[in-house]
Amino acid sequence: MAPLGLCWPDEVDVFSVPHSRMKTLVDTYKNLITSTDFNDGQNLQVLLTNLQNVFSEFKAHEHIENSLIMKRLKIKLRAASVTNAAVCNCHNDNRLSEMLHLVLDGYKLTQKTKTERQNYGDRLKKALEDFTKKFIPHMEEEEMVFQPMLMQYFSYDELKELKAKVIEQHDMS
Ligand code: FEO
């Protein structure tokens with residue numbers, strides 16, 4: 001569904017369905033991180049496997065947006081002689097790769113001391129909090145800023161086709 005105050009039909013809304021999935025994943029890791037006992041190596045292992053899957057899915061989502069949406073939006077803007085820095089920079093930082101590296105680092109600790117696992121847990125919690133604080137507004141920006149731009153520069157049929165491709169490429173099973 002379009003964000004409150006903004007209105008477009010679901011069949012041309014390219015962000016809401018995948019973002020609903022991403023927000024569910026955020027809720028899942030928030031619950032997991034609070035219930036994980038970092039003293040317990042096996043418990044940590046379960047958390048890491050879940051986080052690795054989540055951040056791999058976030059990366060796939062970003063790749064789909066870059067290759068299907070942003071690339072085509074940039075072409076449309078260029079054709080209309082419009083420059084928009086937000087479109088060019090929206091996925092430019094490495095936070096997803098950094099989070100994946102941090103998660104992968106954790107596997108080395110499952111056999112180590114409780115103190116090392118506790119310290120790692122504190123670092124991971126802080127990193128996840130920081131990541132979430134940026135990721136949720138990032139998705140809102142895509143829904144509230146980029147979707148209206150898509151409505152402006154793409155035809156209705158182009159957007160219907162684009163949404164179908166976006167959904168097809170996300171594995172939301
Ligand atoms: Fe839809 Fe760029 O996250």
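Side chains included, hydrogens not; waters and symmetry mates left out as well; all remaining heavy atoms used. From a predicted model like this one, the values you see are computed outputs, not experimental measurements. Just so you know, ligand 1 is whichever comes first in the structure, and atom 1 is the first atom listed for that ligand. Start at 1 with the first residue, then count along the sequence.
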Chemist: Distance from Gln147 atom CD to Leu159 atom CG, nearest 0.5 Å?
Modeler: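 CG of Leu159 is found 6.5 Å from CD of Gln147.
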Chemist: So which of the N, O or S atoms of Glu65 lies nearest atom 2 (Fe) of ligand 1?
Modeler: OE1
Chemist: In terms of side-chain geometry, is the basic nitrogen of Lys23 or Asp27 positioned less than 4.0 Å from the acidic oxygen of its partner?
Modeler: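 Here Lys23 does not pair with Asp27 in a salt bridge, since their nearest N and O are not under 4.0 Å apart.
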Chemist: Hey, is there an N, O or S on His61 sitting under 2.8 Å from atom 2 (Fe) of ligand 1?
Modeler: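 No.
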Chemist: Determine, step by step, whether His91 and His138 satisfy the side-chain hydrogen bond (donor to acceptor under 3.5 Å, both in side chains) criterion, reporting the C-alpha distance in whole Å, the side-chain angles of both residues, the deciding distance to 0.1 Å, and the verdict.
Modeler: CA-CA 9 Å; His91 293 135; His138 164 74; 3.1 Å; yes
Chemist: Look at His19 and state whether any of its N, O or S atoms is less than 2.8 Å from atom 1 (Fe) of ligand 1.
Modeler: yes
Chemist: Is the backbone of Lys74 close enough, under 3.5 Å, to the side chain of Tyr153 for a donor and an acceptor to pair up by distance?
Modeler: no
Chemist: Please state whether the separation between atom 1 (Fe) of ligand 1 and some N/O/S atom of Glu142 is under 2.8 Å?
Modeler: yes
Chemist: Does any N, O or S atom of Cys90, backbone or side chain, fall under 2.8 Å from atom 2 (Fe) of ligand 1?
Modeler: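 No, Cys90 does not qualify, because none of its backbone or side-chain N, O or S atoms lies under 2.8 Å.
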Chemist: Quick one: CG on Leu128 to CG on Leu47, what's the gap to the nearest 0.5 Å?
Modeler: 8.0 Å
